[in-house]
There are 2 protein chains.
Amino acid sequence: MVRFYSDRAETCPTTSLCRVHDLLPMFDQPPRERSDAARNREALLAAAARLVEDHGVDAVTMDSVAAAAGVGKGTVFRRFDSREGLMAALLNRSETEWQGLVISGPPPLGPGASAIERLHAFGHSRMEVNLQHAELIRAAGRAGERSYAAVSFAAMHMRYLLGQLEVRGDLFFLATALLAPLEMVVLVQQTQVDAIPLDRVQAGWDDLVRRVVCSEVNRP
Amino acid sequence: MVRFYSDRAETCPTTSLCRVHDLLPMFDQPPRERSDAARNREALLAAAARLVEDHGVDAVTMDSVAAAAGVGKGTVFRRFDSREGLMAALLNRSETEWQGLVISGPPPLGPGASAIERLHAFGHSRMEVNLQHAELIRAAGRAGERSYAAVSFAAMHMRYLLGQLEVRGDLFFLATALLAPLEMVVLVQQTQVDAIPLDRVQAGWDDLVRRVVCSEVNRP
DNA sequence: AATAGAAGCGGACCATGGTCCGTTTAACCG
DNA sequence: CGGTTAAACGGACCATGGTCCGCTTCTATT
């Protein structure tokens, strides 16, 4: 599976890669994590994931995570900087998995379908993912809501698909504009506050896509 | 100035209105705030606004606001429920003012311009407002980012303008979709992280609007 | 004006995110 | 293997959001 970004945990995962960096200082990276640090990171992530599953996101306090992982509280902060960082790391797992599906999974989300089909599948899938992880995304705050890496991957893929469809215009903005209504806060508003069924939201998005992609503006 | 919504402070602002409620129990509302409570509310809002102006949003702690207003901390929480609530109340002032400009201010934002001109002005103005209050919006969290009242006013006005332009389709969703890229988080990403100049973002939005409004889908 | 009762008040108290620093330990080197 | 060093560790400590409850003040009523 291709990885487009990684958190600190995943930088330089093997010794051999580090050797490469020794030889190619232009790719200098922070040296690999010490083994105890890596072990603690895994233990903390596992403990946090379990706490989320068993008692919900709100039950994930830094103290409880530390206790569950059998380490001190300071260690949690050293590894993840903040509670938001911990949540973002948790999110990152499924985000990476989803990126893999987009890049090399089965169509229509993955390659093999037409660009327009992929575009629709992309939007629907993103909505589902964002709603599914709503609590976590919220708890991740700035780090999760629009973590640069995640937004940047989605925007890149969106630009790619729009390019395939020969859409003319400021693809940078159009990608952002099509992505914006897929954000968790917007979806929660629509599906929970306004009580609009998800499939109607999806149909609305499909229509928006059609308007953007089939606009006369695209024809010279 | 027309007010489309109000926080608790502004419900039943006069005695005479309360008498009306005595006669029309169908419009029952919580009774007017006690005079000391109202005084404290104003003092707290003023103190908070001043703290924001002088030392930034981060300096606004509940203790400091309480101290600056000369009341106990419990009072701050009774009036505004939470820090986010206090921030939302602060935001609400300028939001109300902005709503007034949209409804009865000078064109092209207010009435008097064509619907399409008003739509563009609306988007540009919203972007500016959202960027200007970015810190406050963030500090208001759920209460400010998409406070139902604010979103609902903007969406309503957007639907109205789209209706004037004889746009066909799910106006409910289209309004949301055009509003979504105006959200603070999206704008901050574009203008600060991606370093895109605001006028390019505005131009992109104008293009998006054109695609939506001028889509062939609208012609039967 | 007296009174009753609801509403408001204040600040002690609690929970939790986040920092700091003296101690421990893994990793590398001679 | 022993020494050196930078990194990691742990938990005491701090700041701040949020709760609670006994006391005070306002307002409506008589």
Side-chain angles (χ1 to χ4, degrees), chain A residues 8-9 11-12 14-15 18-19 21-22 29-44 47-48 51 55-89 138-143, chain B residues 8-9 11-12 14-15 18-19 21-22 29-44 47-48 51 55-89 138-143:
Chain A
R8 282 192 300 171
T11 56
C12 193
T14 69
T15 301
C18 284
R19 295 270 181 261
H21 295 144
D22 292 346
Q29 289 194 2
R32 186 179 55 179
E33 240 168 18
R34 244 168 63 171
S35 62
D36 51 347
R39 218 180 318 119
N40 282 336
R41 173 187 297 275
E42 286 314 307
L44 284 166
L51 277 173
H55 303 99
V57 171
D58 288 345
V60 182
T61 69
M62 298 307 258
D63 286 285
S64 66
V65 170
V71 304
K73 185 173 162 180
T75 303
V76 193
F77 280 93
R78 176 183 328 287
R79 284 283 85 76
F80 301 103
D81 294 330
S82 64
R83 186 182 134 97
E84 296 192 352
L86 173 59
M87 298 303 187
R138 181 155 279 142
R142 298 183 79 146
Chain B
R8 284 192 298 172
T11 55
C12 194
T14 70
T15 302
C18 282
R19 296 268 181 263
H21 295 146
D22 291 347
Q29 289 195 4
R32 186 180 55 177
E33 238 167 20
R34 245 166 61 171
S35 61
D36 51 348
R39 219 179 316 120
N40 283 335
R41 172 186 299 273
E42 285 315 307
L44 285 165
L51 278 172
H55 303 100
V57 171
D58 288 345
V60 182
T61 68
M62 299 307 258
D63 287 285
S64 66
V65 170
V71 304
K73 186 171 160 180
T75 304
V76 192
F77 280 92
R78 169 151 331 84
R79 283 284 86 74
F80 300 103
D81 294 331
S82 64
R83 187 180 133 97
E84 297 192 351
L86 173 59
M87 299 303 186
R138 181 155 281 144
R142 300 183 76 147

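Remember, it's a predicted structure, so these values are computed and weren't measured experimentally. Naming: A, B, ... by sequence-line order, numbering from 1 per chain. Only this structure's heavy atoms are used, side chains among them; waters, hydrogens and symmetry mates stay out.
- C/dC9 atom C1' lies 12 Å from atom CG of B/Leu44, rounded to whole Å.
- Of the two residues near DNA chain D, B/Arg39 and A/Gly72, the one whose nearest nucleotide lies more 5' is A/Gly72.
- In this structure, B/Glu33 atom CD and D/dT25 atom C1' are separated by 15 Å, rounded to whole Å.
- Distances were taken from every side-chain heavy atom of B/Ser35 (C-beta onward) to each of D/dC26, D/dC9, C/dG10; the shortest belongs to D/dC26.
- Applying the side chain to side chain contact (heavy atoms under 4.5 Å, CB included) criterion to A/Ala43, with sequence neighbours excluded, gives A/Ala69.
- In this view, B/Ser82 and B/Glu84 satisfy the side chain to side chain contact (heavy atoms under 4.5 Å, CB included) rule, not counting sequence neighbours.
- Test A/Arg39, A/Arg78, A/Arg41 against A/Glu33 for salt bridge (Lys or Arg N to Asp or Glu O under 4.0 Å) and you get one pass: A/Arg41.
- Taking atom CG of B/Asp36 as the reference point, atom P of C/dG10 lies 9 Å away to the nearest angstrom.
- Scored by the side-chain hydrogen bond (donor to acceptor under 3.5 Å, both in side chains) test, A/Arg34 finds A/Asp36 as partners (sequence neighbours excluded).
- Residue pairs meeting the salt bridge (Lys or Arg N to Asp or Glu O under 4.0 Å) criterion with at least one member in residues 60-73 of chain B, sequence neighbours excluded, are B/Asp63-B/Lys73.
- For B/Arg34, the listed nucleotide lying nearest its side chain is D/dC26; candidates were C/dA26, D/dG10, D/dC26.
- One can place CZ of A/Arg79 at 11 Å from P of D/dG10, the figure rounded to the nearest angstrom.
- Contact between the side-chain N/O atoms of A/Thr75 and the OP1/OP2 oxygens of D/dA8 is not found at any separation under 4.0 Å.
- Atom CZ of B/Phe80 is separated from atom P of C/dC9 by 11 Å (rounded to the nearest Å).
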Report each atom pair, protein N/O against N/O of nucleotides 16-20 of chain D, whose distance is under 3.5 angstrom.
residue : atom : partner : partner atom : Å
D/dG17  : OP2  : B/Met62 : N            : 2.9
D/dG17  : N7   : B/Lys73 : NZ           : 3.1
D/dG18  : OP2  : B/Arg83 : N            : 2.9
D/dG18  : N7   : B/Lys73 : NZ           : 3.2
D/dG18  : O6   : B/Lys73 : NZ           : 2.6

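- Contact annotation: A/Arg32 does not reach the phosphate of C/dA27 (side-chain N/O to OP1 or OP2, under 4.0 Å).
- With sequence neighbours left out, B/Arg83 forms a side chain to side chain contact (heavy atoms under 4.5 Å, CB included) with B/Val57, B/Val60, B/Met62, B/Met87, B/Ala139.
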